[in-house]
Every structure is written in C-alpha cells, then in structure tokens.
Amino acid sequence: METDFVEELRWRGLLHDMMPGTQELLQKEVVAGYIGFDPTADSLHIGSLTQILTLLRFQKAGHKPIALLGGATGMVGDPSGKSAERNLLDEATLYKNIEGQKKQLEKFLDFSDPKTGAELVNNYDWMKGYSFIEFIRDVGKHLTVSYMMAKDSVKNRLETGMSFTEFSYQLLQAFDFYTLYKTKNCKLQMGGSDQWGNITSGAELIRRKNGGEAYALTTQLVRKSDGSKFGKTETGTVWLDKTKTSPYQFYQFWINTTDEDAKNYVKMFTFLTKQEIEALTAEHGKDPGKRILQRVLAKELTCFVHSEEDYRAALETSGILFNGGLSEFLKLNEATFLEIFEGVQKFDIQKKYLENGIGVLELLVERTSIFPSKSEARKMIIGGGLSLNKQKVETPDMIVGYDFMIKNKYIIVQKGKKNYYLCIVS
RNA sequence: GGGGGGAUACCAGAGCGGUCAAAUGGGGCAGACUGUAAAUCUGUUGGCUAAGCCUUCGGAGGUUCGAAUCCUCCUCCCCCCA
C-alpha cells in the first residue's frame, strides 16, 4: 500500500472518528468504501468537496471508492444536523438533482483501474422495488427503537418533534450500507462527522444480520477560524457547477481565504505532500504579503474542479480587475474584455438615456438594478464606495454621458472593491 | 397555587412622558492602511424621489396637546417559594 489512508487523513486534520479496527483493515487488504451524497441540489457545492477528495485519497491509498447518490434517501430527508422537519423534494426536482450530481461525480472520480476504479451507484435502484412490509421485516427487525433513539440526530429532535419518516431515515441508510456490503463487499462507510450515527446504524445492521464486519470513518467538519460556516459567501453557496458559481468566483473564494484558514485548507483540500505543504507554509510565513498559500489553494482547486484553462482565465481576470487601471481595460480587445467580465452581472442600457447625460443615481437604480433604491446608492457614493470605470464617484449628483463609455459601449461599475457590474450601452 | 422580573431595531442591551428613528457593544456594509489577509482607525447600518415625509419599541385598547416611556386587558418568556 503506497500510503496509509488513515495516517494521511490524520495529518491533514481530516480525521474525526473511526471504528476500532478500521486502520488495520485498510492496511491488510484492498477495501471497498463508500460515501453517500445527498441530492438536495442539482449541483454539489464546496461542502461536498471534502467527501469527493476523501474518495480520491482513499483510491490513491490503494482502495476502491464507491460514490452513492441518494435517489431513495433523498426522498425521505436526512434529519442529521437539522433542527426542524424538512419539506420533501418532489420527484422532478430530485431527478434533476441526481442527474446534475451524477455528472459532476463522474468528472471527479477515476473509473479506469479495474481493481480500484471508482463506482457510482444510486440507492433508488435497490429501494424502488422494495415493499414496506418486506423492509420492515428484513431491516426494521434488526435494530431496536432504543438504539435508534439514542442517535444524536433523533435525540436532538425529541423535544421539537420529528416525523416517522425522518426517524426511519437511518434505517434506509443502514440498508444502503448493507446492500453494498452484500453486493460489492463494501466494508467501510465514510462521511462527514454528522453522519456518524447513520453510518454506525449500517455497521450494526450488517453485524446483526450477517455477523459481518463493517467499519465506519468520519471526517472533520470544515470550519473557519472565526467560527462561521465554511463554504458560504455573502452571495451564497459556492457551487462546483460553473454556471452557478463561475470559475472566477470560485477562484476568488479561495484567494480570499484568511492566512489562518489557508494553512488548514491547504492540507485539507489539496493533494500536495506533507513536505510540500510545510515548505509552502514556511515560505508563506516569511512574507505573508505574497499570500503564497492562498494562491496555491486557489490554483489547485480551480484546476481540480474546473480546468487549467479556467484557472488561467480566472487568474488573468483577477489581475486585471484588482491591479489594473482603466488603461489596462482599454488595451484589451473586445473579446478578451468580455471574457474578463464573464460571470459578472451585466445590464443593457439604451443609448438614448445617455444622450443628454443621466444622473448616476438614475443609472444605478432605474436603468440597472445595481442598487435597490436611490437612498442606498447615495449612501454608498457618499461613503466613497462606488467607482465608474475605476474612477471613484465623488458626488451623487454626477452626470454620466457618452464620455463615460469605454470602447464606445461599456461602463464598468464597481461597488466596493470586489463587486463588479458591467453596463452595455446599445 | 403564591410572589417577582421581562418582551426595544440583525443580535445583545440602555432608555422609563416631549430634546427618541431610539445610547452602547457585536454583527453587516463601505473607506483608509495593507496583501483581494489579519489587526487597527473612520464612516454607515428602519424605509423613501433626502426638503422633508412615512412606518417602528410583544399585541389590542385607553389617558395626554404629546407615549418606547403612564393605565387596562391579552399573549409569550424567565426567576423564586409551594
């Protein structure tokens, strides 16, 4: 075995918990292990990244990864970590979500090796023909209510209430594990630390039903150093789908990581070796201003999730947007110019409005919806937070005319330092 | 069952008849510095077409020229004694 999977997770700060004997098992033989993905959206997001990477690390350590799509479990809803009953997803949405996630997983996982090539399964395939009576007799009989009630996901909800549907969730997931154990000799289930309860239910089921051996391993929840939730920005979730979060935004997410977090993230989210990371961290410490770690992170992940081409584009865009002046923009040809503003919100403006000049406020609020009200736009301008074509707007009374158009048709609007908008005059 | 204390803007929390769109802190947003980081400092933080106007202090009524502030009832929370 090239690397010890458990040790690797440990030094990367990813290991949360595992059942006794897990490490020994992995050292002894090639193991099939699975992680389930919950189809709550049509794209995976940055939070799922840990699990995808875990599967890949697992594979690199010489084992066989299985990714499970929750076509059946998604119909029920996992109560883990939820404080209230969830709404059920309708079938059309669920189908769309499954298809979306499937495509992404196919892209990230490596299916080539005959022995350790990844597999993708959907638990709907074995649940769809299963009747309630059968299920209750085959699965439900093996776990006691008190055992199920002892799980945190259930215990935390006893006060506020929980439907039988969500209570049963752990049985479904347990049955998944059991099925994979039977059909694919899958002895290990992995997941985020919130999945511990569900995973152990599965291991328990395998033991009771077959006297079989099954193991569990969970990874650390990714946290930011300030305690806030990882993976969200002001604008929302960071998705892995480039139509939902552009590669540029994705790149920016990592570039904006704080120094403290970057040290941990480089370990958690890249495949760089311990030596490489130590060297980088030391170098970063010498001159934090260079932000070596953030750059490495952004590069590794943008390349991994999107492509090297996307990374280059994001890098170039960032360079121009953050360091360039107006002259940089003027130098670009139109195609490149538009490429840079890919993923930036755009507004069309009719030329006639600019003919006699237009107040900035009117431009920002009525002709575009960059601000919801003139009051807000006014406040931002007075606070010095608004620029047109890289030039700070000094007064809310400013008039915008033809002379503001770059290349005869564009006006670049900047709200704060990082929020760009592009007006296209036609 | 008895006694007491509360409910204020995103959160915490002052105000206790006019000077209250409501102190202060946190959070958010923006600016300066820097490194697209952190820390620090500054501004801003109910809404509006910014003169001013409109809607807010648990809910419903009332007293008053005037109520977040006083009275009555209701709802909900907390504490203490049974």
Side-chain angles (χ1 to χ4, degrees), chain A residues 83 159-160 223-230 232-236 238 245-269 280-302 311-325 328-329 340-341 343-345 353 358-388 390-400 412-421:
Chain A
S83 54
E159 296 282 307
T160 48
R223 308 209 112 263
K224 290 209 276 189
S225 52
D226 64 2
S228 61
K229 207 172 173 189
F230 167 78
K232 298 264 191 229
T233 64
E234 311 77 59
T235 40
V238 180
T245 299
S246 71
Y248 165 73
Q249 290 166 322
F250 185 83
Y251 173 84
Q252 283 293 323
F253 172 81
W254 295 105
I255 277 286
N256 278 309
T257 309
T258 63
D259 289 349
E260 207 177 325
D261 288 332
K263 283 177 202 152
N264 298 325
Y265 293 175
V266 167
K267 288 191 267 179
M268 295 174 126
F269 291 106
L280 284 169
T281 308
E283 206 183 327
H284 183 273
K286 272 188 233 150
D287 185 1
K290 282 191 180 154
R291 302 191 307 131
I292 290 167
L293 290 176
Q294 283 92 333
R295 284 177 210 283
V296 167
L297 252 184
K299 178 184 175 190
E300 291 288 320
L301 284 153
T302 311
Y311 160 70
R312 279 186 212 293
L315 186 65
E316 196 188 353
T317 305
S318 302
I320 293 174
L321 289 182
F322 285 95
N323 308 317
E328 307 286 322
F329 288 99
I340 288 196
F341 285 96
V344 161
Q345 205 174 352
Y353 291 119
I358 179 177
V360 230
L361 295 180
E362 192 183 340
L363 176 78
L364 296 172
V365 180
E366 280 159 38
R367 298 300 149 228
T368 62
S369 45
I370 294 171
F371 286 91
S373 76
K374 290 193 181 176
S375 305
E376 259 186 57
R378 183 188 304 270
K379 273 181 204 153
M380 186 64 97
I381 291 174
I382 291 171
L386 192 104
S387 299
L388 285 182
K390 288 270 159 188
Q391 203 75 42
K392 200 158 270 184
V393 174
E394 305 289 344
T395 155
D397 303 322
M398 194 173 86
I399 301 296
V400 180
I412 303 168
V413 181
Q414 237 177 312
K415 191 161 95 180
K417 204 184 294 186
K418 300 178 188 173
N419 309 306
Y420 280 87
Y421 303 86

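The chains referred to below are lettered A, B, ... by the order of the sequence lines, with proteins before strands, and numbering in each begins at 1. Excluded from the calculations below are hydrogen atoms, water molecules and symmetry mates; all remaining heavy atoms, backbone and side chain alike, are included.
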Side-chain donor or acceptor of A/Q294 under 3.5 Å from a matching atom on the base of B/U36?
no
Stepwise ring-ring contact (aromatic ring centres under 6.0 Å, His included) check, A/F269 with A/F230:
CA-CA 13 Å; A/F269 291 106; A/F230 167 78; 5.5 Å; yes
Between A/K379 and B/G47, does any side-chain N or O lie under 4.0 Å from OP1 or OP2?
yes
B/C48 phosphate, OP1 or OP2, under 4.0 Å from A/S373 side-chain N/O
yes
Give the rounded distance in Å between these two atoms: NZ of A/K415 and P of B/G31.
12 Å
Rounded to whole Å, how long is the line connecting atom CG of A/L315 with atom P of B/U36?
14 Å
CZ of A/F371 versus C1' of B/G47: gap in Å, rounded?
17 Å
For the side chain of A/S375, counting heavy atoms from C-beta on, which of B/A50, B/A30, B/A38 is nearest?
B/A50
Give me the distance, rounded to whole Å, that separates B/C78 from B/C10 when you measure between the C1' atoms they each carry.
23 Å
Heavy atoms from C-beta onward define the side chain here; which of B/U36, B/C29, B/A38 lies closest to that of A/M380?
B/C29
Of the options B/G35, B/A32, B/U49, whose atoms approach the side-chain atoms of A/K374 most closely?
B/U49
Is there a donor on the side chain of A/K417 or the base of B/U34 sitting less than 3.5 Å from an acceptor on the other?
yes
Taking pairing as Watson-Crick or G-U wobble with both contacts under 3.5 Å, can you name the mate of B/C76, or confirm there isn't one?
B/G6
Expressed in whole Å, how much space separates the P atoms belonging to B/A12 and B/A82?
32 Å
Does a donor on one side chain sit under 3.5 Å from an acceptor on the other, for A/N256 and A/Q294?
no
Across all strands, who's sitting opposite B/A21 as a Watson-Crick or G-U wobble pair, both distances under 3.5 Å?
none
Would you mind classifying the nucleic acid contact of A/K263 as base, sugar-phosphate or nothing, using non-hydrogen atoms under 4.0 angstrom?
nothing
Can you check whether any acceptor in the base of B/G35 is under 3.5 Å from a donor in the side chain of A/D287, or vice versa?
no
Could you state the atom-to-atom distance from CD of A/E376 to P of B/U44 in whole Å?
16 Å
Taking for A/R295 and for A/G384 the nucleotide of RNA chain B with the nearest heavy atom, the one nearer the 5' end belongs to A/G384
Roughly how far apart, to the nearest Å, are B/G47 and B/A9 at atom P?
15 Å
Quick one: look up who B/C33 pairs with, Watson-Crick or G-U, both distances under 3.5 Å, and put none if it's unpaired.
none
Rounded to whole Å, please give me the gap between CG in A/N323 and P in B/U36.
7 Å
Examine B/A38: is either OP1 or OP2 under 4.0 Å from a nitrogen or oxygen in the side chain of A/K224? Give yes or no.
no
Side-chain donor-acceptor pair present, A/S373, A/E376, cut-off under 3.5 Å:
no
Work out how far the C1' atom of B/U42 is from that of B/U34, and round it to whole angstrom.
16 Å
From A/W254 atom CH2 to A/L301 atom CG, the distance as rounded to the nearest 0.5 Å
5.0 Å
In Watson-Crick or G-U wobble terms, with both distances under 3.5 Å, the base opposite B/C70 is B/G62
